[in-house]
Structure formats: structure tokens, C-alpha cells
Amino acid sequence: MVNWNDPNVISECSNILERINFICLGLYTWEYARSWQIEFALICRHIPPRWPLLPYITGRILLLTSMILICWLNSSTTQNADCHSAFLAFSFAANAAIGCSSLNLMLRPFMIWRASRYVRIFLVLATIGHWIFLLRVMIDFSVMRVNGNCGFMVVDHTDMTTLFVYTMGYDILALALTIIGLRNMPSSNAMWKMLRKQGITYVLITCLVNIIPTVVASLNLNTVMNVAFAIPASVVSTIASSRIVITFLDLQSSASSEETGSRDVPLTTMLTLPTASSMDAQDFV
């Protein structure tokens, strides 16, 4: 049986974690580069800024920043660095990216239930609770140096487990309220068709991706394993929730067929990205 607290095992886990982080950085850099349409359109002023795009843009930038920071912190060039401050910056970027990822999902029920003040208040309170847990993990950590380098963060496994469980519950709440809200609206068949097109698969992925880090953190195998799967889970959930936003985009091939049916469905931001023949943007919020 593996002694997870053996120094040699911890060192090997740290080496594996470093490789995982670099793989995640490569994966997310590739994903970011191939899905930059919205940022480009905003920079070129082809579409007007809209508040539902804020968590999408912010989350993507923060996750990419956190991935660059963690790969630098795992490198051999941090002997003289202020490790705690550097990990604090990484922790802020990574946890804020998780919060923005979940907000991408929560915007849908928030708009669907806009006629119900109590549901919207409940969603706001749930969001505040999520960010309280995120802030706790952001600041409550220590640093374990490895071979003179910054090494990795040491986070209490109870805090990690609580955060992952709350995040899963938060995302499942967003999915459930979206489905319930759509079932209670007229033209439910059209609503379900739209929901399927707009990426319910990505919602399920985002809800389920935190299961592995939750289980591993709850086992408390060692300080490295407690945070080993946090970065991959953040990358997958951010990609999935970002794909939801991208799926909402009415690209030129489907603009004419989708426009009429979507005017009465206030799911989230839907934009027509500019092309050579069309430079106008439509926002259905």
C-alpha cells in the first residue's frame, strides 16, 4: 500500500503535478487562441460591450494568467522570488476564474427568472456564498518549498472539499433552475430545442468536472494531492462554460433561422459577430 506521506512519494507527486500544469497551460493557450472572436470583436468595436460578457472575458484572462503564474512558480527560476505573494496572485486569479466560470452558467437562470424577485435574490445570495468560499481559499494557504524553489501551495483539505462541493451544487442549481424555468415558459418544445443547441452538454461537464478533485481532496492523501486536480478542473470548467457563451453566438450561417425564435428567449448574450458582409451586432439579453 502506498504511503502517501512519504517524502519520496510527495516529491514524485510534485513532479507529476508540475507536468500536469504545463499540459493544462498548453491546452488552455490553444483553446484561448482558437476562440478569441469575442475579444477581437470588442477590441475592434464591432460589437458593443455588454455586462453578460464580463465574466466570460474576465474568467478567460484570469485563468490564462494563473496558468502562466503556476508554471513559472513550478520552474527553477524562483529561488529569490517572494513565493507567498506570487502564490497569492496565482490564487486570486485561479479562484476568480472559477467564480467567473460558474457565473457564465448562472446568468441564464438569472435572466430566465427575471420576473421572480425572490428567485433572483436567492441566486444573488448563492453567488455571494460561492465567492466567500473562493475568497477563503484565496488567502488561507501556506507555501511548501521544493528544492529551493517556490514549490506548491498547501491548502486545508476541508476548505478545498467544501469549495468543490459548493461549486458543484452552485452549477447544478444553475442547470436545474434553467430547465425548470424553460419548462414553465410557453413554447416549451422550441425552448428545449434552443437549450440543446446552446450547449446543455457543456453545462453537465461543468457540473461534473469537480467530482475527482472533491474526492481526492476529501481523502487527504497528502498536501500535493489535495490540490493536484484543482487546475485541470478549473481549465475544463472554464473551457466548458466559455463554450456555452460561444455556442450562444449567432454566426452568419444560422443568423436568419435563429433570430426569430430567440427574441423571446432571454437566456444570455447572443451576438452576431462581424463579417465582411455584416458589421452589426445584435444582443438578446
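In what follows, residues are counted from 1 in the order of the sequence shown.
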Asks: Show your working on side chain to side chain contact (heavy atoms under 4.5 Å, CB included) between Phe164 and Ile211 and close with a plain yes or no.
Replies: CA-CA 8 Å; Phe164 286 129; Ile211 290 179; over 6 Å; no

Asks: Give a yes or no answer on whether the side chain of Trp113 reaches the backbone of Leu177 with a donor-acceptor pair at less than 3.5 Å.
Replies: yes

Asks: I'd like to check Tyr28 versus Leu64 (side-chain heavy atoms, cut-off strictly below 4.5 Å). Are they in contact?
Replies: yes

Asks: Do Ile61 and Thr65 come within less than 4.5 Å of each other through their side chains, counting heavy atoms only?
Replies: yes

Asks: Working note: Ile57 + Glu39, criterion side chain to side chain contact (heavy atoms under 4.5 Å, CB included); need CA distance, chi angles, decisive distance, verdict.
Replies: CA-CA 7 Å; Ile57 300 292; Glu39 289 92 335; 3.6 Å; yes

Asks: Under a single-linkage definition using a 4.5 Å side-chain heavy-atom cutoff for Ile, Leu, Val, Met, Phe, Trp and Tyr, are Ile23 and Trp30 assigned to the same hydrophobic cluster?
Replies: no

Asks: Is the backbone N or O of Phe90 less than 3.5 Å from a side-chain atom of Ser66, with the two atoms forming a donor-acceptor pair by type?
Replies: no

Asks: So, taking the atom named CD1 in Ile68 and the one named CG in Leu25, what distance separates them when rounded to the nearest 0.5 Å?
Replies: 6.5 Å

Asks: Is Leu17 reachable from Phe22 through a run of hydrophobic residues whose side-chain heavy atoms are each under 4.5 Å from the next?
Replies: no

Asks: If you look at every heavy atom in Ala89 and Leu69, which pair is closest and at what distance?
Replies: C-CD1, 4.0 Å

Asks: Do Cys13 and Trp4 have side-chain heavy atoms sitting under 4.5 Å apart?
Replies: yes

Asks: Do the side chains of Leu125 and Phe133 join up, straight or via other hydrophobic residues, at under 4.5 Å, putting them in one cluster?
Replies: no

Asks: Specify the closest pair of heavy atoms between Leu103 and Pro55, including all atoms of both residues, with the distance to one decimal.
Replies: CB-CB, 3.9 Å

Asks: Under the criterion side-chain hydrogen bond (donor to acceptor under 3.5 Å, both in side chains), I'd like the reasoning laid out for Thr167 against Asn210: C-alpha separation, chi angles, the key distance, then a yes or no.
Replies: CA-CA 8 Å; Thr167 301; Asn210 290 314; 5.0 Å; no

Asks: Say you draw a straight line from OG of Ser241 to CG of Asn104; how long is it, rounded to the nearest 0.5 Å?
Replies: 4.5 Å

Asks: Taking all non-hydrogen atoms of both residues into account, name the closest pair between Ser218 and His157 and its distance.
Replies: O-CD2, 4.1 Å

Asks: Might you point out which heavy atoms bring Val137 and Asp159 nearest each other, and give the distance in Å?
Replies: CG2-O, 4.1 Å

Asks: Okay, side chain of Thr127, backbone of Leu123: is any donor-acceptor separation there less than 3.5 Å?
Replies: yes

Asks: When rounded to the nearest 0.5 angstrom, what is the spacing between NE2 in His84 and OG in Ser142?
Replies: 8.0 Å

Asks: Walk me through it: do Val154 and Phe141 pass the test side chain to side chain contact (heavy atoms under 4.5 Å, CB included)?
Replies: CA-CA 6 Å; Val154 178; Phe141 67 90; over 6 Å; no

Asks: Where is the tightest heavy-atom contact between Ala217 and Met160, given as atom of each residue plus distance?
Replies: CB-CB, 4.0 Å

Asks: Can you give me the closest heavy-atom contact between Ile20 and Pro232, atom names plus distance?
Replies: CG2-CG, 3.6 Å

Asks: Can you tell me how far apart CG (Asn226) and CE (Met153) are? Round to the nearest 0.5 Å.
Replies: 11.5 Å

Asks: Using a 6.0 Å cut-off, check whether atom CZ of Phe92 has over 12 heavy atoms from anything other than its own residue.
Replies: no

Asks: Please check: side-chain N/O of Tyr170 versus main-chain N/O of Val165, any donor-acceptor pairing under 3.5 Å?
Replies: no

Asks: Using side chain to side chain contact (heavy atoms under 4.5 Å, CB included), reason through Cys100 and Tyr56 one step at a time and then give a plain yes or no.
Replies: CA-CA 7 Å; Cys100 290; Tyr56 170 82; over 6 Å; no

Asks: Could you state whether Ile172 and Leu175 fall into the same hydrophobic cluster, counting links through intermediate Ile, Leu, Val, Met, Phe, Trp or Tyr residues with side-chain heavy atoms under 4.5 angstrom apart?
Replies: no

Asks: Judged by atom type as modelled, is there a donor-acceptor pair below 3.5 Å linking the side chain of Thr29 to the main-chain atoms of Gly26?
Replies: no

Asks: Does Arg34 make a cation-pi contact with Trp36, if we ask for NZ or CZ under 6.0 Å from the ring centre and within 45° of the axis?
Replies: no

Asks: Is there a donor-acceptor pair closer than 3.5 Å between any side-chain N or O of Arg60 and the backbone N or O of Ser35?
Replies: yes

Asks: Considering residues, nucleotides and ligands other than Leu219, do more than 12 of their heavy atoms fall under 6.0 Å from its CG?
Replies: yes

Asks: According to a 4.5 Å side-chain heavy-atom criterion applied to Ile, Leu, Val, Met, Phe, Trp and Tyr, with indirect links allowed, do Leu54 and Leu107 form part of one hydrophobic cluster?
Replies: no

Asks: Has the side chain of Ser101 got a donor or acceptor atom that lies under 3.5 Å from a matching backbone atom of Ala97?
Replies: no

Asks: If you define the side chain from C-beta out and look only at heavy atoms, does anything of Cys24 sit under 4.5 Å from Met67?
Replies: yes

Asks: Does the side chain of Asn21 pick up a donor-acceptor pair with the side chain of Asn74 at under 3.5 Å?
Replies: yes

Asks: Is it the case that the side chain of Ser91 and the backbone of Phe87 share a donor-acceptor pair, with hydrogens and angles ignored and the cut-off at 3.5 Å?
Replies: no

Asks: Kindly say whether Arg136 contributes a backbone atom to a donor-acceptor pair with the side chain of Asp140 at under 3.5 angstrom?
Replies: no

Asks: Tell me, do Leu134 and Ile98 make a side-chain contact under 4.5 Å, heavy atoms counted?
Replies: yes

Asks: Do Ile16 and Glu12 come within less than 4.5 Å of each other through their side chains, counting heavy atoms only?
Replies: yes

Asks: Answer yes or no: is there a side-chain heavy-atom contact under 4.5 Å between Phe122 and Arg117?
Replies: no

Asks: Supply the atom-to-atom distance Asn95 CG to Leu135 CG, rounded to the nearest 0.5 angstrom.
Replies: 8.5 Å

Asks: Is there a side-chain contact between Val124 and Phe110 in this structure, where contact means two heavy atoms from C-beta onward sitting under 4.5 Å apart?
Replies: yes

Asks: Do the side chain of Thr238 and the main chain of Val235 share a donor and acceptor less than 3.5 angstrom apart?
Replies: no

Asks: Please verify the inter-ring angle class for His46 with Phe40; under 30° counts as parallel, over 60° as perpendicular, anything in between as tilted.
Replies: perpendicular

Asks: Rounded to the nearest 0.5 Å, how far does CH2 of Trp131 lie from OG of Ser102?
Replies: 9.0 Å

